[in-house]
Amino acid sequence: MSIVKTRKITVYSPGSEISAVMDYLQRSEAFEPTGKSEEPASAQALARLEENISDLNEAIEILNRLVPQKKSIFARRRRSPSDPFVTDRVEVRKANHTARAIIKCSEQIKHNISESEKITAKITQLSPYLNHDLPLGRFSTAYTEHVSGGCTVTGTELSALAQDFPIYYEEFGKDGSLTLIWAVYLKTDSDKAEEFLAEAGFSESSPTSAHLSPRDEINHLEDKKNSLLAENDSLRETLTELSKKLQLLELYHDKLSIKADKYRALAESQNTETVFAITGYVPDYLAAKMMSSLENRFTAAAEYEELDEGEETPVAFSNNAFSAPVEEITASYSMPSKHDIDPNPIMAFFYYWFFGMMFSDAGYGLLMMIACGILGFSQILEADKRRMFKMFFYCGISTTIWGILYGSFFGDLIGTVSSTFFSGAVRFRPLLIDPVNQALELLIISVAFGMLHILTALSVKFYILWRDGNKKDAIFDVGFWMVVLVGISILAAGMSFGSDTVQKIGGISAVLGAVGLVLTGGRDKHSPIAKFFSGIMSLYDITGYVGDILSYSRLMALGLATGVIASVVNVLASLGGKSVVGVIVFVLISIVGHSINFAINMLGAYVHTNRLQYVEFYQKFYEGGGRRFRPLKTETKYYDFSEN
């Protein structure tokens, strides 16, 4: 149960063994490369790999859209008996060729669809001209000009305009508000004709191709569109056939991804014509073993590397089964610095305890325990996906305990069923406290737990300062505040139990702690007056502690909300009465109502438990700012090579 420190080592090897050494480091999943080469020799190879991986990824996505794969949320990656570090060049070429063929088919389908849409738009544009049997647009004979299009004036208005001008025209349709016409006039009257057409609000139609009539043009376009659609059907059949090679594409996507990770690591090595050297971090407890193994397996040498001034090594966590599930909660906040301790063993207890206190229903807790226990501790999911379910399993245990203490099993479901369908004699009684009828007592318990949580954080801070040799700071800045808070707690307990002696002990303790803060709070000042006033001002921090402690009232509020909402659901479910219909209504409303209550209050418990750790707990002692250890690994998307 600790922070795993890392050591910096450098590995030297002949250039001929680069690949073998890097494969070993990647297999070990315990080496994080660091440092950049100015001109990495692997740059071109990496660029080719990334291009191939991109093609494979795009091809896989295309096939998944064409033939959607039914995947369960609990689906595991496929197991592969092959060595992830061995790639068959012929198979790689086949996979890349297949990927490019898939991409080409997809691009052609998209192009054909785009062309079909253009053709459809053109057909729509030509449809109003179906009754016109001449080509659209403008064309000439030896003595005449022919033009077709739409006018903004009506047919009657057009006739009136044409009385003073020798022009022949025919109306052959309407296109919205436009009157469609075909007109012919002598070339010698072109100027007058243009003036006439302008006055009629004439706009010329787009010409048809190859001097075809609109109907012939539409028939030609429909044939072309049908040809494109037929080609797309053929291309989709080709893609369906190529989809049989999906697993091959996925296999080499993962294998090439592993290889690309190795080349990225090589980009951080220093190479000469005959020797390469790579520097990186290794867990401290593995460093000596890894260095010895490298020297025994390969023609290689490894040595410890001195850290640069101010350089911090990356860190990882190593905890038991109880604390490990909450490591991601801490990592999401911040990884520990070199001055921190691993907070997870302490935080885990409070995390599970507070979550259960806020969710606080034995029925909901049992559901969590069963579902998350199966998913967290069985082999249904892969190891990396089980951690979250393990965390919620422990939260479920705590929720069940608090549900028993509060007397809540799906709210008052047992009592409601008993009173609605039976004699009403059976009840699920609270073992400790009834949240509804004893809300004040529950608030006091919540605040007491908050005080314990904060005192634990201050104790950790005291330990860290004492360990680092800052003993005065530990006593004066932390110890006296602990005395004040403990004194206030004792005073409050004395007032609750009506004990004058306990009240006096608590009051004296709080005053002694406050005096200690006043006398030592300004110890860095030179003037006695400045020391005194700085000490007085340090007492102002009590407002922060009071605010933090009151934040724990959410333990009461959310716990009360879960039970009350569950009870309301039960009341609504029982409105059908003691009948067959009543039983059906009861079951349906109970399932829907409790499912909604479960989801909402589980989310609330999760969010507010995180907040209590991040804001009220960690900020008292946890510095953070460390960097997570991210070793070179065999990270894959589709295949699990762990057995290899």
Side-chain angles (χ1 to χ4, degrees), residues 48-73 75 77-78 80 87-133 135-137 173 175-176 205-257 636-639:
R48 287 194 299 272
L49 274 173
E50 289 178 337
E51 182 180 352
N52 290 337
I53 292 168
S54 177
D55 287 345
L56 289 167
N57 192 54
E58 185 177 353
I60 290 167
E61 289 178 357
I62 290 168
L63 293 182
N64 284 333
R65 287 196 299 268
L66 177 71
V67 186
Q69 305 293 311
K70 293 182 179 180
K71 290 186 179 180
S72 166
I73 58 173
R77 290 173 297 171
R78 285 187 291 274
S80 174
T87 54
D88 185 316
R89 291 186 178 181
V90 174
E91 291 298 311
V92 170
R93 282 197 294 271
K94 285 182 181 178
N96 289 335
H97 176 75
T98 301
R100 284 191 286 271
I102 291 169
I103 294 169
K104 186 176 180 180
C105 283
S106 177
E107 289 175 346
Q108 187 62 45
I109 288 173
K110 290 179 182 178
H111 174 75
N112 290 349
I113 290 173
S114 176
E115 289 299 311
S116 297
E117 290 172 349
K118 292 177 183 178
I119 290 172
T120 301
K122 182 67 173 176
I123 291 173
T124 302
Q125 186 181 6
L126 291 173
S127 294
Y129 298 89
L130 276 173
N131 294 329
H132 187 51
D133 55 4
L136 293 180
D175 184 8
S205 63
S206 299
T208 50
S209 60
H211 298 292
L212 297 175
S213 68
R215 184 178 296 279
D216 291 339
E217 176 83 348
I218 288 174
N219 292 336
H220 171 72
L221 290 172
E222 286 180 341
D223 289 343
K224 185 176 180 181
K225 180 179 177 180
N226 291 334
S227 175
L228 291 172
L229 294 176
E231 184 181 359
N232 274 3
D233 290 339
S234 176
L235 289 169
R236 289 190 179 95
E237 289 178 5
T238 302
L239 285 176
T240 302
E241 187 65 25
L242 290 172
S243 68
K244 296 176 182 178
K245 298 183 180 181
L246 177 61
Q247 291 190 12
L248 174 70
L249 300 182
E250 291 176 340
L251 176 64
Y252 279 95
H253 173 279
D254 283 353
K255 284 197 171 189
L256 294 184
S257 295
T636 57
K637 189 174 180 180
Y638 304 105
Y639 278 85

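Numbers here simply count residues along the sequence, with the first being 1.
The local environment of CZ in Arg89 is sparse, with at most 12 non-hydrogen atoms from other residues, nucleotides or ligands closer than 6.0 Å. Heavy-atom neighbours of Arg100 CZ from other residues, nucleotides or ligands within 6.0 Å: above the threshold of 12.
The distance from atom CD1 of Ile109 to atom CG of Leu239, rounded to the nearest 0.5 Å, is 5.0 Å. Between Leu56 atom CG and Lys637 atom NZ the span is 11.5 Å, to the nearest 0.5 Å. Atoms CG and CG, on Asn226 and Leu221 in that order, are 11.0 Å from each other to the nearest 0.5 Å. With values rounded to the nearest 0.5 angstrom, His220 atom NE2 is found 10.5 Å from Ile123 atom CD1. If you take CD on Glu50 and CG on Leu256, they are separated by 11.5 Å, rounding to the nearest 0.5 Å. Distance check: Gln125 CD to Ile218 CD1 gives 10.5 Å after rounding to the nearest 0.5 Å.
Looking at Ser227 and Asp223, their side chains never come closer than 4.5 Å, going by heavy atoms from C-beta outward. Residues Tyr638 and Gln247 have side chains not in contact (no heavy-atom distance under 4.5 Å, counting atoms from C-beta outward). At least one side-chain heavy atom of Asn57 sits under 4.5 Å from a side-chain heavy atom of Glu61. Side-chain contact check for Lys245 versus Ile102: every heavy-atom pair is 4.5 Å or farther apart. Residues Leu229 and Lys225 form a side-chain contact, since some pair of their non-hydrogen atoms from C-beta on lies under 4.5 Å apart.
Under a 3.5 Å cut-off, the side chain of Ser106 and the backbone N or O of Ile103 do not form any donor-acceptor pair. Proximity of a side-chain donor or acceptor of Ser234 to a complementary backbone N or O of Ala230 within less than 3.5 Å is not detected. Counting only distance, with no hydrogens or angles, the side chain of Thr124 and the backbone of Thr120 share a donor-acceptor pair below 3.5 Å.
Checked against side chain to side chain donor-acceptor pair (under 3.5 Å), Arg77 has the following partners two or more places apart in sequence or in another chain: Glu382, Thr636. Partners of Lys244 under the side chain to side chain contact (heavy atoms under 4.5 Å, CB included) rule, at least two apart in sequence or in another chain, are Glu241. By the side chain to side chain contact (heavy atoms under 4.5 Å, CB included) test, Gln108 pairs with His111, Asn112, Glu231, Leu235, sequence neighbours left out.
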Check step by step if side-chain contact (heavy atoms from CB on, under 4.5 Å) holds for Asn96 and Asp55. CA-CA 7 Å; Asn96 289 335; Asp55 287 345; 5.7 Å; no
List the steps and the verdict of salt bridge (Lys or Arg N to Asp or Glu O under 4.0 Å) for Lys118 and Glu115. CA-CA 5 Å; Lys118 292 177 183 178; Glu115 289 299 311; 3.6 Å; yes
Evaluate Glu91 against Lys94 for salt bridge (Lys or Arg N to Asp or Glu O under 4.0 Å), listing each step before the verdict. CA-CA 5 Å; Glu91 291 298 311; Lys94 285 182 181 178; 3.6 Å; yes
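Minimum interatomic distance between Ser243 and Leu63 (heavy atoms only, all atoms of both residues): CA-CD1, 3.7 Å. A pairwise comparison of heavy atoms in Ala95 and Leu249 identifies O-CD2, 3.4 Å as the closest pair. Nearest heavy-atom pair across Leu136 and Ser205 is CB-OG, 3.7 Å.
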